[in-house]
Amino acid sequence: MTDHKPFDALNIARVLTEALPYIKRFSGKTMVIKYGGNAMSDETLKQGFARDVVLMKLVGMNPVIVHGGGPQIGDLLARIGKQSEFVDGMRVTDSETMDVVEMVLGGLVNKQIVNMINQHGGSAVGLSGKDGDLIRARKLKFSRQSPELNAPEIIDIGHVGEVASIDTSVVDMLIHGNFIPVIAPIGVGDDGQSYNINADLVAGKLAEVMCAEKLMMLTNMPGLTDTAGEVLTGLTAAEVDALIADGTIHGGMLPKIGAVMDAVRAGVRSAHIIDGRVEHAVLLEVFTDQGVGTLIQAGGKPAG
Ligand SMILES: Nc1ncnc2c1ncn2[C@@H]1O[C@H](COP(=O)(O)OP(=O)(O)O)[C@@H](O)[C@H]1O
Ligand SMILES: CC(=O)N[C@@H](CCC(=O)OP(=O)(O)O)C(=O)O
């Protein structure tokens, strides 16, 4: 017999009652979760994440994981004596770096996540964008404001791609077979070349193409923050543009917020930038009234 104290039992009952409407509402819905490399920092957190994903699947939702691994790529590059270089959150990727990206994302990180989910009772299958022709890429024409010219300039950052198209056949098949797809953000060009795509861009586009109910971006910040560190939420597109223009949003947050805005404009019901350093952040977002982190919806209104 379990010996919960009456207080604990009540608390547990309250938590389950609060979760019930969300389980009903989201059953059968696709939830795209971007698992950022910075959120994979701690073993307990990683195990908690895997458990959350398995629970979502067990109660009838369709979680689809897109993962990053920027810090993990950086570690291996450093071990072979190569320094990481980023421009506006995008890794400058020469041929040697591309090989490392493919090894770390498609090999190490992808299989670690698959293994973690499976250890917790789920059935995960790892894919890169090459499998089943999932992600077609094209070379990113990278434009940034030149401080010298004080005008936009196009610069070459190597084998960095953007999503040209997504064919979800293989992902749909896995979902129907009750598997949890885990996707590494590598695409292939019409020329047969591999492209390194920022995982935020893949997650946003996949959420759009799959008409996802939610796009959740797990990172190492409490959400999108202002210069005082306060979490911002319910922003309009115009407010986001202003935060980019004044530099409040910079670096790795630039591709993230760009992907989120594109996804909600294209019909994803809500997007969330949440703190992967908080234990069970995904569960808190999906199953509680309060949610966590930054919520972005088309029009900027908070969830009703
Ligand atoms: N306004 C902002 N709010 C929160 N984070 C920001 C902001 N502007 C820049 N950042 C940076 O974006 C980073 C998250 O992006 P990134 O490093 O690519 O992480 P991830 O691996 O989760 O994708 C944060 O660590 C933070 O340094
Ligand atoms: C072009 C580009 O920047 N690609 C990323 C892909 C991994 C990624 O997005 O990882 P995080 O989500 O952990 O940042 C990179 O090479 O780091």
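If you read the sequence from its start, that first residue is 1, and numbering goes on from there. Read the numbers this way: they start at 1 and go in the same order the structure lists the ligands and their atoms. Please read these numbers as outputs of a predicted model, since none were measured by experiment.
- If you check which protein heavy atom lies closest to atom 9 (C) of ligand 1, you get H250 O, 2.9 Å.
- With respect to the salt-bridge test (charged N to carboxylate O, under 4.0 angstrom), the residues E162 and K141 do not qualify.
- Between the side chain of N110 and the backbone N or O of V182 there is at least one donor-acceptor pair closer than 3.5 Å.
- When only non-hydrogen protein atoms are considered, atom 10 (N) of ligand 1 lies nearest to M253 CB, 3.5 Å.
- Residue contacts with ligand 1 do not include N198, since none of its heavy atoms lies under 4.0 Å from the ligand.
- Heavy atoms of L254 found under 4.0 angstrom from ligand 1: none, in either backbone or side chain.
- Residue-level proximity to ligand 1 for K256 is carried by the side chain, the only part with a heavy atom below 4.0 angstrom.
- Ligand 1 has at least one atom lying under 4.0 Å from a heavy atom of K34.
- The existence of a salt bridge linking K130 and E102 is confirmed by a sub-4.0 Å separation between a basic side-chain nitrogen and an acidic carboxylate oxygen.
- Residue L224 approaches ligand 1 through these ligand atoms, each under 4.0 Å from one of its heavy atoms: 1 (N), 2 (C), 3 (N).
- Against a heavy-atom cut-off of under 4.0 Å, G89 is close to the following atoms of ligand 2: 3 (O).
- Using a 4.0 Å cut-off between charged side-chain N and carboxylate O, R277 and D42 make no salt bridge.
- Interface of M90 with ligand 2, defined as ligand atoms under 4.0 Å from a residue heavy atom, comprises 1 (C), 3 (O).
- Taking only nitrogen or oxygen atoms, main chain and side chain alike, D200 does not reach within less than 3.5 Å of ligand 2.
- Cluster annotation: L174 is not connected to M61 through the hydrophobic network of ILVMFWY side chains, with a link wherever side-chain heavy atoms come within less than 4.5 Å.
- Ligand 2 has no N or O atom lying under 3.5 Å from any N or O atom of T93, backbone or side chain.
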*asked:* Using the rule given for side-chain hydrogen bond (donor to acceptor under 3.5 Å, both in side chains), can you reason through N196 versus H159, listing the C-alpha separation, both sets of side-chain angles and the distance that settles it, and then say yes or no?
replied: CA-CA 6 Å; N196 177 13; H159 297 252; over 6 Å; no
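- When only interatomic distances are considered, the shortest N/O to N/O separation between V160 and ligand 2 does not fall below 3.5 Å.
- At distances below 3.5 Å, at least one donor-acceptor pair connects side-chain atoms of D131 with backbone N or O atoms of S128.
- Of the protein's heavy atoms, G252 CA, 3.5 Å lies nearest to atom 18 (O) of ligand 1.
- Annotation for ligand 1: atoms under 4.0 Å from non-hydrogen atoms of N220 are 14 (C), 24 (C), 25 (O).
- Atom 4 (C) of ligand 1 has its nearest heavy-atom neighbour, among G223, A199, P255, G229, in G223.
- Counting protein heavy atoms only, atom 17 (O) of ligand 2 is closest to R91 NH2, 3.1 Å.
- Between A199 and ligand 2, a contact under 3.5 Å exists for at least one N or O pair.
- Below 3.5 Å of separation, one finds no N or O of L105 facing any N or O of ligand 2.
- Between D156 and K139 there is a salt bridge, with a side-chain nitrogen of the basic residue lying less than 4.0 Å from a carboxylate oxygen of the acidic one.
- Note that atom 27 (O) of ligand 1 has no protein non-hydrogen atoms nearby, at separations under 4.0 angstrom.
- For ligand 1, the atoms closer than 4.0 angstrom to any heavy atom of T248 are 1 (N), 2 (C), 7 (C), 8 (N).
- Ion pairing between a basic and an acidic side chain is recognised when a charged N comes within 4.0 Å of a carboxylate O; E96 and K82 show such pairing.
- For ligand 2 and K34, the ligand atoms under 4.0 Å from any heavy atom of the residue are 12 (O).
- Near N38, the atoms of ligand 1 lying under 4.0 angstrom from a non-hydrogen atom of the residue are 16 (P), 17 (O), 19 (O), 20 (P), 21 (O).
- For ligand 2, the atoms lying closer than 4.0 Å to a non-hydrogen atom of I197 are 4 (N), 6 (C).
- The nearest protein atom to atom 22 (O) of ligand 1, hydrogens excluded, is given as T219 OG1, 2.7 Å; this is a heavy-atom distance.
- Below 4.0 Å from some heavy atom of G68 lie the following atoms of ligand 2, by number and element: 8 (C), 10 (O), 11 (P), 12 (O), 13 (O).
- Here's the thing with G69: one of its N/O atoms is less than 3.5 angstrom from an N/O atom of ligand 2.
- Remark: ligand 1 atoms within the under-4.0 Å shell around heavy atoms of L218 are 22 (O).
- Close contacts between ligand 2 and I73 involve ligand atoms 15 (C), 16 (O), 17 (O) [criterion: under 4.0 Å to a heavy atom].
- Here the side chain of T168 pairs no donor or acceptor atom with the backbone of V171 at under 3.5 angstrom.
- N118 contributes a side-chain N or O that, together with a main-chain N or O of A124, makes up a donor-acceptor pair within less than 3.5 Å.
- Contact between G37 and ligand 1 is present, with at least one heavy atom of the residue lying under 4.0 Å from the ligand.
- Aromatic ring pairs are classed by plane angle as parallel below 30°, tilted from 30° to 60° and perpendicular above 60°; the pair F49 and Y35 is parallel.
- Under a 4.0 Å criterion applied to the non-hydrogen atoms of G70, ligand 2 contributes the atoms 10 (O), 11 (P), 13 (O), 17 (O).
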_Intermediate values then yes/no, side-chain hydrogen bond (donor to acceptor under 3.5 Å, both in side chains), S270 and Q297_ = CA-CA 5 Å; S270 67; Q297 291 176 304; 5.0 Å; no
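- Distance alone, capped at 3.5 Å, places no donor-acceptor pair between the T97 side chain and the S95 backbone.
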